[in-house]
Amino acid sequence: MIYAGYSDWYIAKRLGYTSLKELHRMYDHVFTQMQAEADTKLRVSIGQEYLGKKGTK
């Protein structure tokens with residue numbers, strides 16, 4: 001469900017977790033990997049110059 005793009009709260013509810021924190025604790029490695037992949041896609045689509053610079057607009 002995570003890789004299919006279902007929302008965190010939906011997955012937690014369907015799998016019987018009592019909180020999102022519990023879901024993330026169990027599947028942190030998957031969420032971390034997916035975030036890295038999303039960051040890469042964003043860098044490709046909008047350009048590196050818009051990412052990673054804190055305090056600039």
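All values below were derived from every heavy atom in this structure, side-chain atoms included, with hydrogens, water molecules and symmetry-related copies excluded. The residues of the chain are indexed from 1 along the displayed sequence.
Residues that satisfy the ring-ring contact (aromatic ring centres under 6.0 Å, His included) test with Tyr3, not counting sequence neighbours, are absent from this structure.
Rounded to the nearest 0.5 Å, atoms CZ (Phe31) and NE2 (His24) are 4.0 Å apart. Note that the OH atom of Tyr27 and the CG atom of Leu15 stand 5.5 Å from one another [nearest 0.5 Å]. How far CG of Asp28 is from NZ of Lys21: 13.0 Å, rounded to the nearest 0.5 Å.
Scanning all heavy atoms of the two residues, the minimum distance from Ser19 to Ala12 falls at O-CB, 4.3 Å. Taking every heavy atom of both residues into account, Leu23 and Asp8 meet most closely at CD2-O, 3.4 Å.
Using a 4.5 Å heavy-atom threshold, the side chains of Arg14 and Tyr6 count as separate.
When the shell of 6.0 Å around CE of Met34 is examined, it contains more than 12 heavy atoms from other residues, nucleotides or ligands. Annotation for Gln35: atom CD does not count as buried by contact number, only 12 or fewer foreign heavy atoms lying within 6.0 Å.
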